[in-house]
Amino acid sequence: MIKVTKLQKHFDKLEVLKGIDIEVEQGEVVVVIGPSGSGKSTFLRCLNLLEQPTGGVIQFEGTNLTDKNVNINELRQRMGMVFQSFNLFPHKTVLENLTLAPLKVKGETAEKAKKTRPLLT
Ligand SMILES: Nc1ncnc2c1ncn2[C@@H]1O[C@H](COP(=O)(O)OP(=O)(O)OP(=O)(O)O)[C@@H](O)[C@H]1O
Ligand SMILES: [Mg+2]
């Protein structure tokens, strides 16, 4: 479903991602662990091009996201990301933060949004 090959990202001289290879299948749960500043968020941000990778290939459901002709906004509707700490709504629960985008952007019902994220219920 998601296949990442030799993903690289550097900010000027700071090399953050040095050739990440990973494949994630539908329904698989993957935990990325590492010290603060090791590049976890940068990796996730690269997955939907919130950061432009310096090198490598990201395939999502067979589409190469790094291809210039890709409609990234369409793909982003199917690849959700919830930010950490100050980017979360403190008055909402974890589940409400996670289902907000599908409710607002895709017009899903609360029931469906919740059901398609069964690991969180
Ligand atoms: N836009 C940016 N410009 C320059 N450097 C950046 C940028 N974004 C991240 N970095 C640097 O890249 C490195 C990785 O940061 P990142 O936020 O990905 O780490 P993290 O593993 O998510 O950390 P945390 O556990 O604190 O969330 C850090 O050294 C950070 O300062
Ligand atoms: Mg982070």
Side-chain angles (χ1 to χ4, degrees):
M1 187 187 187
I2 301 174
K3 185 175 181 193
V4 175
T5 315
K6 294 187 170 49
L7 179 64
Q8 296 175 4
K9 176 67 187 177
H10 57 75
F11 298 102
D12 296 321
K13 286 181 184 160
L14 179 66
E15 260 193 287
V16 180
L17 307 179
K18 303 172 188 173
I20 307 257
D21 293 305
I22 187 171
E23 253 183 272
V24 183
E25 300 299 337
Q26 183 150 15
E28 193 178 355
V29 177
V30 176
V31 179
V32 181
I33 301 174
S36 181
S38 59
K40 305 178 297 291
S41 293
T42 301
F43 169 62
L44 292 177
R45 291 167 65 82
C46 281
L47 289 189
N48 63 359
L49 301 191
L50 290 175
E51 287 292 357
Q52 193 64 44
T54 316
V57 174
I58 301 162
Q59 284 170 285
F60 176 56
E61 294 177 347
T63 304
N64 178 2
L65 297 199
T66 46
D67 185 329
K68 283 196 184 86
N69 299 320
V70 154
N71 181 349
I72 189 64
N73 287 332
E74 191 273 319
L75 282 164
R76 280 180 181 140
Q77 289 184 20
R78 293 186 281 126
M79 190 192 276
M81 177 170 175
V82 177
F83 296 90
Q84 62 199 87
S85 57
F86 55 87
N87 290 303
L88 296 174
F89 293 108
H91 61 292
K92 291 188 179 292
T93 64
V94 172
L95 185 59
E96 284 167 348
N97 269 286
L98 292 171
T99 52
L100 188 64
L103 290 175
K104 292 270 178 201
V105 178
K106 299 181 80 179
E108 285 183 12
T109 62
E111 182 112 351
K112 186 183 175 209
K114 209 170 153 180
K115 206 179 268 177
T116 52
R117 287 145 193 94
L119 293 168
L120 303 164
T121 56

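Computation of the quantities below employed the complete heavy-atom set of this structure, encompassing side-chain atoms and omitting hydrogens, waters and symmetry-equivalent molecules. Sequential numbering from 1 along the given sequence is applied to the chain's residues. The model shown is predicted, which means the values in this text are computed figures rather than measured ones.
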> Which heavy atom of Thr66 sits nearest a heavy atom of Pro53, and at what distance?
Replying inline: CG2-CG, 4.3 Å
> If you round to the nearest 0.5 Å, how far is NZ of Lys114 from CG of Leu95?
Replying inline: 6.0 Å
> For Leu7 and Cys46, which heavy atoms make the closest approach, and how far apart are they?
Replying inline: CD2-CB, 4.0 Å
> Is it the case that one hydrophobic cluster holds both Leu88 and Val105, taking links as side-chain heavy atoms less than 4.5 Å apart, direct or via other members?
Replying inline: no
> Can Leu50 and Arg76 be said to form a side chain to side chain contact (heavy atoms under 4.5 Å, CB included), step by step?
Replying inline: CA-CA 10 Å; Leu50 290 175; Arg76 280 180 181 140; 4.2 Å; yes
> Are there more than 12 heavy atoms of other residues, nucleotides or ligands under 6.0 Å from atom NZ of Lys40?
Replying inline: yes
>> As an exercise, state the distance from CZ of Arg45 to CD of Glu51, rounded to the nearest 0.5 Å.
In response: 4.5 Å
>> I need the minimum non-hydrogen distance between His91 and Glu96, along with the two atoms involved.
In response: O-OE1, 4.4 Å
>> Please find the pair of heavy atoms, one from Gln8 and one from Gly19, that lie closest to each other, and give the distance.
In response: CG-N, 3.8 Å
> Quick one: does Asp21's side chain have a donor or acceptor within less than 3.5 Å of a partner on Lys6's backbone?
Replying inline: yes
> What distance separates Thr99 OG1 from Lys106 NZ, expressed to the nearest 0.5 Å?
Replying inline: 13.0 Å
> When rounded to the nearest 0.5 angstrom, what distance separates CD1 in Ile2 from CE in Met79?
Replying inline: 4.5 Å
>> How long is the straight-line distance from CG of Leu103 back to NZ of Lys112, given to the nearest 0.5 Å?
In response: 11.0 Å
> Given the rule in the side chain to side chain contact (heavy atoms under 4.5 Å, CB included) test, do Ile58 and Leu47 qualify, once you have shown the distances and angles that lead to the verdict?
Replying inline: CA-CA 7 Å; Ile58 301 162; Leu47 289 189; 4.2 Å; yes
> Which is it for Asn73 and Asn71 under the side chain to side chain contact (heavy atoms under 4.5 Å, CB included) test, yes or no, and what are the steps along the way?
Replying inline: CA-CA 6 Å; Asn73 287 332; Asn71 181 349; 3.9 Å; yes
> Does any N or O in the side chain of Lys9 come within less than 3.5 Å of the main-chain N or O of Gln52, such that one atom is a donor and the other an acceptor?
Replying inline: yes
>> If hydrophobic clusters are built by linking Ile, Leu, Val, Met, Phe, Trp and Tyr wherever their side-chain heavy atoms come under 4.5 Å apart, do Ile22 and Val57 end up in the same one?
In response: no
> Around atom CD of Glu111, are there more than 12 heavy atoms of other residues, nucleotides or ligands at under 6.0 Å?
Replying inline: no
> Which heavy-atom pair separates Phe43 from Leu17 by the least distance, and what is that distance?
Replying inline: CA-CD1, 3.7 Å
>> Can you confirm whether more than 12 heavy atoms, excluding those of Gln26, are under 6.0 Å from its CD atom?
In response: no
> From Leu98 CG over to Lys92 NZ, what is the distance, rounded to the nearest 0.5 angstrom?
Replying inline: 12.0 Å
